Amino acid sequence: NAGVTQTPKFQVLKTGQSMTLQCAQDMNHEYMSWYRQDPGMGLRLIHYSVGAGITDQGEVPNGYNVSRSTTEDFPLRLLSAAPSQTSVYFCASSSGLVDEQFFGPGTRLTVL
Amino acid sequence: GQQVMQIPQYQHVQEGEDFTTYCNSSTTLSNIQWYKQRPGGHPVFLIQLVKSGEVKKQKRLTFQFGEAKKNSSLHITATQTTDVGTYFCAGQNDYKLSFGAGTTVTVRA
């Protein structure tokens with residue numbers, strides 16, 4: 001099993017550009033989440049999904065969209081990139097509500 | 001909303017010494033999880049505590065969950081260079097995990 005995969009690993013955008021961060025898991029997990037990690041602020045939840053077709057907002061959802069058309073995939077879309085979105089983005093999945101989170105390797109995004 | 005505070009933010013430890021990192025929540029948690037992130041890596045699950053007053057050990061690591069299920073601690077004995085990294089606690093309530101800001105550990109050989 002590959003676990004949780006994320007692409008790309010690195011990305012540089014210009015302000016105003018849009019892009020999609022990809023996340024996939026092959027563990028048949030129902031729960032998937034997107035976090036951003038900034039220095040001194042830990043991991044902050046952007047959006048999460050409790051199953052295909054169901055998504056909800058986390059702590060910092062503004063400027064991001066998600067969809068969950070399949071159990072395996074949970075893409076994160078930046079609608080109009082801003083320098084404040086420069087961060088490391090982690091996707092995570094888990095089999096149940098109270099189970100351990102499996103994190104992907106992360107995407108390091110820089111917005112100029 | 002739920003907030004999880006973690007202290008200290010940085011811990012510089014002499015190899016062989018012990019240290020403790022603390023995690024405090026503003027609300028009662030259903031469970032608390034601990035993760036370790038090596039430099040340049042991603043968070044990796046260490047352990048989950050569910051019961052009030054629970055204590056679990058993993059070799060040199062001891063995890064505790066407070067009686068009120070609002071705080072937790074991670075104690076590492078005889079620190080080694082392999083312990084370098086950032087340790088995060090994450091408190092769970094409803095469908096969400098709230099992560100602390102982490103304790104970044106450096107080790108002096």
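Chain identifiers are assigned alphabetically (A, B, ...) following the order of the sequence lines, protein sequences preceding nucleic acid strands; residue numbering begins at 1 within each chain. Computed from a predicted structure; not experimentally measured. Side chains included, hydrogens not; waters and symmetry mates left out as well; all remaining heavy atoms used.
Of residues 39-48 of chain B, those residues with a non-hydrogen atom less than 4.5 Å from any non-hydrogen atom of chain A are, in numerical order, B:G41, B:H42, B:P43, B:F45, B:Q48.
Heavy atoms only, all atoms of each residue included: A:T20 and A:P75 are closest at CG2-CB, 3.6 Å. Closest approach of A:S80 to A:G16, counting heavy atoms only: OG-CA, 3.4 Å.
Side-chain atoms of B:T20 and B:H75 include a donor-acceptor pair closer than 3.5 Å. Side-chain atoms of B:D83 and B:T79 include no donor-acceptor pair closer than 3.5 Å. In summary, the side chains of A:T86 and A:T110 do not present any donor paired with an acceptor at a separation below 3.5 Å, with no hydrogens or angles considered.
Looking at A:Q37, the atoms closer than 4.5 Å to chain B (heavy atoms on both sides) all sit in the side chain, from C-beta outward. For A:D99, the part sitting under 4.5 Å from any heavy atom of chain B is the backbone (N, CA, C, O) and nothing else. Proximity to chain A (any heavy atom under 4.5 Å) is restricted, for B:Q37, to the side chain, taken from C-beta onward. Using a 4.5 Å cut-off between heavy atoms, A:Y35 contacts chain B through its side chain alone, with no backbone atom that close.
Side-chain contact between B:S98 and B:N93 is absent, with no heavy-atom pair separated by less than 4.5 Å.
Under the 4.5 Å side-chain heavy-atom criterion for grouping Ile, Leu, Val, Met, Phe, Trp and Tyr, A:Y31 is connected to B:L97 within one hydrophobic cluster.
The aromatic rings of B:F99 and B:Y35 lie tilted to each other, with the angle between the two planes from 30° to 60°.
If you tally non-hydrogen atom pairs under 4.5 Å between each of A:L43, A:D38, A:V88, A:D56 and chain B, the highest count goes to A:L43.
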